[in-house]
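Comments concern the structure below.
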Amino acid sequence: MNIRKLVSTCHSHPILPIIKHPLTRAQQFSIQPEPPNRPQGLSILATNLIKSYFEKRMLKEARKLFDEIPERDVVAWTAMISGYTFIGHYSQAWMVFLEMTREGMYPNAFTVSSVLKACKGMESCSCGAMVHGLALKHGMEGCMYVENSLMDMYATCSVSMEDACMVFQHIHAKNAVSWTTMISGYTHRGDGHGGLRVFQRMLQEEVELNPFSCSIAIRACSSIGFLSFGKQIHAAVVKHGFESILPVANSIVDMYCRCNSFSEANQYFYEMPHRDLITWNTLIAGFEKSDSSVSLYIFSLMGTEGLSPNCFTLTSVTAACANLAVLNCGQQVHGGIVRRGHEGNSALANALIDMYAKCGIIADSRRIFDQMPRRDLVSWTSMMIGYGTHGNGRETVGLFKEMVVSGIRPDRIVFMAVLSACSHTGLVDEGLKYFKSMVVDYCFTPNQEIYGCVVDLLGRAGRVEEAYELIVMMPFEPNESVWGALLGACKAHRHPNLGRLAAQKILDLRPNMAETCVILSNIFAADGKWGEFAKMRKLMRGMGIKKETGRSWIEVKNQVYSFVVGDKVGSHIELVYGWLEMLVQHMKEAGYVPDLDCLLRD
DNA sequence: GTACCTATAC
C-alpha cells in the first residue's frame with residue numbers, strides 16, 4: 001500500500017489502529033492547518049500498521065510499507081526488528097538491525113532489547129556481545145529492559161552462566177524479571193540446582209513472588225526430581241492466588257508427572273477449573289513414559305472439552321503407540337497427522353519412524369525418513385536404532401556414513417546406536433572401529449553406557465575374556481549395566497566363573513536385582529553346583545526377592561492379547577498354545593537344539 | 001508508535 005493513500009483509506013482499513021493523539025481543537029480550526037499527512041504523523045501511523053501486519057503474519061506488506069515511509073525514524077526501525085523477532089525470523093531481524101546501523105541510525109533502548117532477543121533466537125553470543133558493546137557506547141547500562149535482555153541472551157547463548165552472572169551483579173535495582181531470567185537461565189541449561197539456588201536467594205531478599213518465577217522454579221524442581229520443594233512452591237502458588245494462571249498450573253501438572261507422582265498429577269488435573277491444550281498435552285506426555293495405555297486413554301478424552309490435538313499431542317500419542325507396539329492404533333494416529341496437515345513437522349516424523357520400527361514395519365519407517373525434506377540428528381538416530389533392532393546392522397552403518405557426509409555431527413547416542421546395531425548383527429570388528437573413531441576422531445570420552453555397548457558387542461560374539469579385559473581397563477568403576485552386559489554373555493557362552501564374578505558385582509551394587517539372582521542360580525545349576533544353587537534360592541526366599549513376571553502381548557485384528565509363561569486362563573490361550581506348538585515344530589525341523597538351562601525360573 | 005522473564009513433543 002502506498003503511504004500517501006494510507007491516510008485516505010485509513011477509516012475503512014480493517015486493521016488500522018486507533019490514533020491515540022488526534023489533532024487538537026486549535027489545530028483543527030487554525031486558518032492554515034498543518035497538512036494531515038505530515039511525515040511524523042504518517043510515521044506513527046505506519047509504525048502501528050507495521051506491528052499489526054506482523055501480528056497477522058503479513059510480512060511482505062510490513063516490509064513494503066516500511067520501505068515506503070519517506071523518513072524512517074528509530075521507532076519504525078525498531079518495530080521492524082521486533083516484528084521479525086515476534087514471528088521467530090531472528091536472522092531477518094538481525095539483517096534489519098545491520099541495515100539500520102549502516103544508514104547511520106542510532107538504536108535506542110527499545111531497539112537494543114529487541115535485537116538482543118533476536119540474538120538469543122539465533123543463539124549467537126558474538127552478535128549479542130556486539131550489541132552489548134553498542135549499548136554501553138550509548139549509555140544504556142541503567143535501562144532495566146536492556147540489562148534483562150542482555151542477561152537472557154548470555155544465559156541462553158554463552159557457554160556458561162558466567163557472563164549472565166556478571167550482568168546480573170551489576171544491576172543496582174534488580175526487578176522480578178531479572179531474577180526470573182537468572183533462574184530460567186540455569187534451569188534451561190539443565191542446572192536445576194543452580195536455578196533453585198537463585199530462587200532461594202530471591203526469597204531471602206524478600207522479592208515478591210510472581211507467576212513467572214513460580215513456574216520456572218517449579219520447572220527446576222521437575223528437572224531434578226525435587227518433589228518436596230516442588231510441593232512447597234505449589235503451596236506458595238495457592239497462597240498467592242496464581243493457580244488460575246494456566247502456565248503456572250500447567251507447570252505443576254508437569255512437575256508431578258516428572259517426579260513420578262502420577263496420582264497427584266491426575267488429581268490436580270481433574271480439579272483444575274480450566275484446562276487448555278497445553279494442560280492436556282502435559283498430562284498425555286507425562287503418562288506416555290510411565291503408562292502409555294493411560295496416555296492413550298487421556299488422549300481419547302480430550303475431545304470432550306472440544307480440544308483438537310496439535311503437533312505436541314500427536315508426538316506423545318505416537319510415542320505411546322510405539323511403546324505399546326500397537327500398529328493399528330499407530331496407523332490411525334498417522335492418518336490423523338496427515339489429515340491435519342502435520343506431515344512436515346520433524347519431531348512428529350521422527351516419532352513416526354520410531355513407532356513403525358517398534359511395530360515391526362521398518363519399511364514404513366524408511367519411507368517417512370526418505371520423504372523428510374530436512375532430517376535432524378534425531379531422525380537419523382531413530383532410523384539407525386530401528387535398523388539395529390531389526391538386526392540390520394549394515395544399514396545402520398551405511399546410514400551413519402551418510403549422516404556424516406550430510407554434515408551432521410554424531411553424538412554419543414548415535415554411537416550407541418551404531419555399537420548396538422553392530423553387536424546384534426555380529427559386526428564385531430566394525431563396531432570396535434567405531435568405538436575407536438568415537439574417541440579419536442570425535443573426542444568423546446566413553447561413559448558407562450558406551451562401555452556397556454562395547455562389552456555387549458564383544459560378549460555377544462563370544463569374546464567374553466576380551467570383554468572382561470575391557471571392563472578391567474575402564475578408567476572408572478563399572479556400573480551394574482556394564483556388569484549386566486558381561487553376565488548376559490557369560491550365560492549365553494557358558495563362562496560360569498566370570499559369570500559368578502559379574503553377578504556378584506551386580507549384587508554388591510544392587511542387592512535386590514531379582515533377575516541377577518535367578519541368572520546366578522542358573523549358572524550354578526548349569527555348572528552342576530547344586531549346593532550353591534540351593535543356597536542362592538534360599539537366600540532369595542529369605543530376602544523376599546521375586547522376579548517380576550515377563551509379560552508378552554500381541555495385537556491381532558485390533559485386539560491386544562497378553563500372556564505370561566504358564567498361562568492357563570483366557571479365551572485366546574488355546575490359540576496361543578496351538579501357534580507355539582507349530583513354532584516349536586518349525587524350530588526342530590530347522591535343527592535348533594533348545595537351551596534347557598534357562599527353563600529354571602522363579 | 002517500538003522492548004525483557006513462565007508451561008507441552010522426537
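Worth knowing before you read on, the calculation uses all heavy atoms, side chains too, and leaves out hydrogens, waters and symmetry mates. Numbers restart at 1 for each chain; the letters A, B, ... are given by sequence-line order, proteins then strands.
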May I ask you to evaluate whether A/Lys174 reaches the phosphate of B/dC5, defined as a side-chain N or O under 4.0 Å from OP1 or OP2?
no

May I ask you to say whether A/Asp152 pairs ionically with A/Lys117, meaning some side-chain N is under 4.0 Å from a carboxylate O?
no

Quick note, A/Lys117 side chain, CB onward, closest among B/dT8, B/dC5, B/dT6 is B/dC5

Side-chain donor/acceptor of A/Ser261 to backbone N/O of A/Cys257, under 3.5 Å
no

Donor-acceptor contact present, side-chain A/Arg219 to main-chain A/Thr187, <3.5 Å:
no

Does A/Glu147 come within less than 4.0 Å of A/Lys174, counting only side-chain N to carboxylate O?
no

Side chain of A/Ile216 (C-beta onward), nearest among B/dT8, B/dT6, B/dC5
B/dT6

Just compare B/dA3, B/dT2, B/dC5 and give me whichever is closest to any side-chain atom of A/Val177.
B/dC5

Would you tell me if any nitrogen or oxygen in the side chain of A/Lys120 comes within less than 4.0 Å of OP1 or OP2 on B/dC4?
no

Rounded to whole angstrom units, what separation is found between the CE atom of A/Met355 and the C1' atom of B/dA9?
15 Å

Look at A/Lys231 together with A/Glu264 and state whether they make a salt bridge at an N to O cut-off of under 4.0 Å.
yes

Which one of A/Asp254, A/Asp276, A/Thr313 satisfies the side-chain hydrogen bond (donor to acceptor under 3.5 Å, both in side chains) criterion with A/Asn281?
A/Thr313

What's the closest nucleotide to the side chain of A/Thr47 if the choices are B/dA7, B/dC4, B/dT2?
B/dT2

Separation of B/dC10 C1' from A/Phe369 CZ (nearest whole Å):
14 Å

Among B/dA7, B/dA9, B/dC5, the nucleotide that comes nearest once only the side chain of A/Thr180 is considered
B/dC5

Could you spell out the base pairing of DNA chain B in dot-bracket, with Watson-Crick or G-U pairs whose two distances are under 3.5 Å, [ ] crossing and | to another strand?
..........

Can you check the A/Leu150 CG to B/dA3 C1' distance for me, whole Å?
12 Å

Using the six-membered base ring of B/dT2, report whether A/Phe110 stacks on it, requiring centroids under 5.5 Å and planes under 30° apart.
yes

Is any side-chain N or O of A/Ser113 under 3.5 Å from a base N or O of B/dA3, one able to act as donor and the other as acceptor?
yes

Kindly point out which of B/dA9, B/dA3, B/dC4 is positioned nearest to the side chain of A/Ser114?
B/dA3

Spacing between A/Asn175 atom CG and B/dA3 atom C1', to the nearest angstrom
13 Å

Below 4.0 Å: OP1/OP2 of B/dC10 and any side-chain N or O of A/His342
no

So that I can tick it off, tell me whether A/Arg63 and A/Glu99 are bridged by a salt bridge, with the cut-off set at under 4.0 angstrom between side-chain N and carboxylate O.
yes

Sub-3.5 Å donor-acceptor pair from the side chain of A/Arg375 to the main-chain atoms of A/Phe369, do we have one?
yes

Any Lys/Arg nitrogen of A/Arg367 or A/Asp370 sitting under 4.0 Å from an Asp/Glu carboxylate oxygen of the other?
no

Roughly how far, to the nearest 0.5 Å, is CG of A/Leu301 from CG of A/Leu296?
11.0 Å

Nucleic acid contacts of residues 254-275 of chain A, taken as heavy-atom distances under 4.0 Å to DNA chain B:
A/Asp254, A/Arg258

Between A/Tyr154 (OH) and B/dC4 (C1'), how many Å, whole number?
16 Å

Identify whether any heavy atom of A/Ser382 sits under 4.0 Å from a base atom; if not, whether one sits that close to sugar-phosphate; answer base, sugar-phosphate or nothing.
nothing

Given B/dA9, B/dT6, B/dC4, the nucleotide with the shortest approach to the side chain of A/Ala347
B/dA9

Under the criterion side-chain hydrogen bond (donor to acceptor under 3.5 Å, both in side chains), which of A/Ser292, A/Ser290, A/Ser295, A/Ser293 is the partner of A/Asn323?
A/Ser292

Given 3.5 Å as the limit, does a donor-acceptor pair link the side chain of A/Ser213 with the main chain of A/Leu209, or not?
no

Would you mind reading off the distance between A/Phe212 atom CZ and B/dC5 atom P, rounded to a whole angstrom?
9 Å

Which nucleotide wins on minimum distance to the side chain of A/Asn48, given the candidates B/dG1, B/dC4, B/dT2?
B/dG1

Among B/dC10, B/dA7, B/dG1, the one nearest any side-chain atom of A/Asp73 is B/dG1

Starting at OH of A/Tyr106 and ending at C1' of B/dT2, how long is that distance when rounded to a whole Å?
20 Å

So, does the side chain of A/Thr282 form a donor-acceptor pair with the base of B/dT8 at under 3.5 Å?
no

For A/Ala285, answer base if it contacts any base atom (sugar-phosphate contacts may also be present), sugar-phosphate if it contacts only those atoms, and nothing otherwise; contact means non-hydrogen atoms under 4.0 Å.
sugar-phosphate

Reckon A/Glu147 touches a base, only the sugar-phosphate, or nothing at all at heavy-atom distances under 4.0 Å?
nothing

So does A/Thr78 reach the base of B/dG1 with its side chain, donor to acceptor, closer than 3.5 Å?
no

What's the closest nucleotide to the A/Thr181 side chain, out of B/dT2, B/dC5, B/dC10?
B/dC5

Can you tell me how far C1' of B/dC5 sits from CZ of A/Phe168, to the nearest Å?
12 Å

